[in-house]
Amino acid sequence: MVAMSATGTGDDAVDVSVVIPVHNCRAYLDRCLTSALVQRVKKEIVVVDDGSTDGSAELLDLYAEYHGDTIKVVRIPGGSTGAGRPRNLGIEHATGRYVFFCDADDYLGPEALERMVAMADRNGSDIVLGKVVGHGRRAPQSMFQRSADRAELGDSTVYNSLSCFKLFRRELIEHHRIRFGEGMLVGEDILFTVHAYCHARVISVVADYDCYHLVSRPDGSSIMQQPGSRDPLGWLTMIREPIRLMARHVEPGPLRDHLLRRHFRLDVFAQLGPAFLESDDVRRKDIAREVAALCDEWYTPGVHERLGTIDRQRVTALDDVDRLVRLARIESATIRRRLTGLRWEGECLVVSGAARLAGHPRDDGLAVVLRARHDPARELVLPAERKGGEFTARVDVGALDSGVWDLKVAVEIEGVVRLGRLGAERDSGVGRPQPRMVGGVVAVPYFTRDNGNLSIDMGGHVAAVPGAARLVRTRWTFGQRLLVDGEVSVAGTAPAAAAIRRIVWRERTTGSERDDRVVALPGGGFVARPAVGRLAPGTWDAYLELELGGPPARFRIETDEDTVAAPRGWWAVALLRTVRPYATPGKGRLSAVVRRLTPRRLIKRMIR
């Protein structure tokens with residue numbers, strides 16, 4: 001039996017149907033419902049009360065009374081098992097162009113649906129992933145590195161996220177009869193999301209805003225916080241159906257292998273980790289047997305190529321429980337690492353430190369790995385020289401492409417490579433080396449702001465590039481131009497002449513820009529004839545722009561009052577144009593005030 005306490009708006013009026021299953025969530029329900037109500041889209045909120053007995057039902061009645069045009073309350077007398085049936089019932093009552101599923105103990109960012117709907121409407125998206133952040137719970141991260149209008153299923157990490165906390169086009173759901181698994185405590189949303197991914201033509205990602213807030217209940221009462229929610233044998237049994245469903249829609253080949261990699265890495269081989277160590281010998285054999293059965297059915301050479309070293313090792317050890325235990329211990333052991341030295345030797349950055357795996361006094365090899373932050377497939381592996389308990393690696397920064405490179409230490413034991421970021425733990429005397437120009441590219445070693453890890457920015461993409469541009473002489477010349485001589489240095493050295501590009505004038509109020517050509521001289525000198533007299537009225541700040549291997553680097557041009565040319569004016573078509581170059585107070589940077597005056601305005605100013 002289903003009871004409804006309010007009716008919703010029509011199809012043509014609703015952008016998003018927010019479906020919220022509720023079962024004894026009274027303490028969190030206010031925040032969840034409020035976060036949905038404040039969304040600036042045409043919406044309806046379909047709340048399915050799954051037999052709550054903690055006062056949630058009464059609170060829902062109150063919300064429905066005051067927001068009857070927005071909130072629908074659907075009741076399942078007696079309750080059900082899991083969130084599958086309540087969500088399916090919510091779909092049946094949804095009328096919006098899109099459907100968003102939200103759990104009652106979680107909440108939305110104030111602009112979440114507005115941003116996701118805009119993304120979907122702009123691109124014709126069937127699924128939009130909005131950035132998820134965790135509060136006491138782990139949130140997915142790999143798919144939220146950057147926003148994407150179109151994320152290809154086979155060339156992105158969106159499939160790593162199989163939760164239902166996304167925006168789905170309702171037409172997609174209904175046309176393909178996509179539904180949640182019912183009678184399941186866990187995994188019901190995996191079935192739904194896998195099925196949706198298989199039919200989605202356009203998948204988009206909103207990564208620049210915290211859309212969904214995933215909350216841990218302090219009392220540990222949510223289903224996913226229950227001790228048995230990730231029982232290895234139960235999970236391995238559950239995951240068979242989503243894999244089979246995906247395989248029915250995706251032909252054998254690279255795409256299927258890419259999707260299977262996710263299931264093996266995060267669903268199958270994950271059961272050979274901490275939960276495996278906590279099990280007794282009999283249960284370990286049962287887990288290994290179930291994993292082997294899944295491998296027999298779905299493990300392909302393409303999946304093998306896409307996995308890391310530890311999972312490849314596990315495949316060969318499924319009949320050796322002792323070996324699986326050792327691999328699990330290697331995987332769970334903490335990487336103890338410390339940065340002890342960082343210095344330049346010519347164009348090489350010398351990195352020194354110590355690293356080992358806790359509980360393992362010996363290793364089979366150690367290296368320093370540099371990985372491109374926005375393209376993890378690009379990496380450089382540097383063998384480390386060992387001496388005593390320390391290692392040393394030399395990074396030839398000239399061999400690095402433009403971009404940000406993160407440094408990690410790799411420890412190998414029994415064929416398994418464990419990686420750990422380097423730099424957060426470091427000796428007190430280890431400081432940030434000065435940036436250096438290498439082959440026309442500025443190399444900026446730095447420690448990240450969040451965790452203090454070591455990275456190298458080739459080209460100044462995220463780290464500030466130290467540099468200074470200064471005027472030596474200025475004077476007026478023909479054509480309302482200001483002839484300037486100057487010099488520039490970057491990281492304490494003169495940049496190559498080819499790096500000095502142009503002078504840019506930026507209007508302080510409007511942000512309008514005008515650029516002028518620069519003639520570069522050997523030793524960091526430059527000459528320019530900017531047409532300052534032709535600038536529109538306003539206050540203009542001067543920058544020197546350089547190409548240093550990354551995005552254009554701009555430096556405010558420094559000067560002083562003795563170097564700046566005197567103000568100047570020109571009459572043209574009954575207009576007096578005046579230009580007053582000046583050095584800004586304090587830091588002494590070149591700016592110019594440009595004005596246009598008619599004779600009448602000029603006379604008025606003289607009378608005053």
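Please read these numbers as outputs of a predicted model, since none were measured by experiment.
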**Steps toward salt bridge (charged side-chain N to carboxylate O under 4.0 Å, His left out) verdict (Glu425, Arg337)** = CA-CA 7 Å; Glu425 294 291 332; Arg337 66 269 194 196; over 6 Å; no
**Fill in**
The reported gap from OG1 in Thr509 to CH2 in Trp540 (rounded to nearest 0.5 angstrom) is 10.0 Å
**Request:** Measure from NZ or CZ of Arg589 to the centre of the six-membered ring of Tyr543, then state whether that distance is under 6.0 Å and the direction lies within 45° of the axis.
**Result:** no
**Prompt:** So Ser402 and His461, side-chain hydrogen bond (donor to acceptor under 3.5 Å, both in side chains) or not? Walk me through it.
**Reply:** CA-CA 9 Å; Ser402 178; His461 294 262; 2.8 Å; yes
**Prompt:** Stepwise, does the side-chain hydrogen bond (donor to acceptor under 3.5 Å, both in side chains) test hold for Asp541 with Ser591?
**Reply:** CA-CA 4 Å; Asp541 299 320; Ser591 296; 2.6 Å; yes
**Message:** Using a 3.5 Å distance criterion without hydrogens, assess whether the side chain of Arg577 forms a donor-acceptor pair with backbone atoms of Gly533.
**Reply:** yes
**Request:** Might you confirm whether atom CD of Glu379 has over 12 heavy atoms from other residues, nucleotides or ligands at distances under 6.0 Å?
**Result:** yes
**From CD (Glu487) to CG (Leu521), nearest 0.5 Å** = 11.0 Å
**Request:** Please test Glu507 against Thr539 for side-chain hydrogen bond (donor to acceptor under 3.5 Å, both in side chains), starting from the C-alpha separation and ending with a verdict.
**Result:** CA-CA 6 Å; Glu507 209 287 314; Thr539 301; 5.0 Å; no
**Message:** Tell me whether Arg122 is salt-bridged to Asp149, with the criterion being a basic N under 4.0 Å from an acidic carboxylate O.
**Reply:** yes
**Test: Arg473 and Asp562 ion pair at under 4.0 Å** = no
**Prompt:** Does a sphere of radius 6.0 Å around CZ in Arg432 hold more than 12 heavy atoms from other residues, nucleotides or ligands, not counting ones at 6.0 Å or beyond?
**Reply:** yes
**Request:** State whether the number of non-hydrogen atoms from other residues, nucleotides or ligands found under 6.0 Å of Arg508 atom CZ is greater than 12.
**Result:** yes
**Asked** Under 3.5 Å, side chain of Thr493 to main-chain N/O of Val490, donor-acceptor pair present?
**Response** yes
**Asked** How far apart are the C-alpha atoms of Tyr28 and Asp106, what are their side-chain angles, what is the distance that settles it, and do they pass the side-chain hydrogen bond (donor to acceptor under 3.5 Å, both in side chains) test?
**Response** CA-CA 8 Å; Tyr28 310 93; Asp106 300 331; over 6 Å; no
**Asked** Do other residues, nucleotides or ligands put more than 12 heavy atoms under 6.0 Å from Glu174 CD?
**Response** yes
**Item:** Arg580 charged N/C atom sitting above Tyr582 aromatic ring, 6.0 Å / 45°
**Value:** yes
**Request:** Using atom types as modelled and distance alone, determine if a side-chain donor or acceptor of Arg534 lies under 3.5 Å from a backbone N or O of Ala531.
**Result:** no
**Message:** Suppose we screen for salt bridge (Lys or Arg N to Asp or Glu O under 4.0 Å). Which residues come up paired with Asp515, at least two apart in sequence or across chains?
**Reply:** Arg502
**Item:** Short side-chain to backbone donor-acceptor contact, Asp396 and Gly398, under 3.5 Å
**Value:** yes
**Asked** Can you tell me if Asp406 and Ser455 form a side-chain donor-acceptor pair at under 3.5 Å?
**Response** yes
**Message:** Under 4.0 Å between a side-chain nitrogen and a carboxylate oxygen: does that hold for Asp210 and Lys131?
**Reply:** yes
**Item:** Qualifying residue, where the test is salt bridge (Lys or Arg N to Asp or Glu O under 4.0 Å) with Asp126 and the options are Arg170, Arg150, Arg169
**Value:** Arg169
**Request:** May I ask you to check whether Thr70 and Glu44 show a side-chain donor-acceptor distance below 3.5 Å?
**Result:** no
**Request:** Report yes or no: does Ser204 contribute a side-chain atom to a donor-acceptor pair with the main-chain N or O of Val128 at less than 3.5 Å?
**Result:** no
**Message:** Which residue in the set Arg556, Arg501, Arg554 passes salt bridge (Lys or Arg N to Asp or Glu O under 4.0 Å) when paired with Glu545?
**Reply:** Arg554
**Message:** Is the distance between the ring centroids of Tyr197 and Tyr159 under 6.0 Å?
**Reply:** yes
**Message:** What I want to find out is whether Glu558 reaches Lys587 closely enough, with some N-O distance under 4.0 Å, to be called a salt bridge.
**Reply:** no
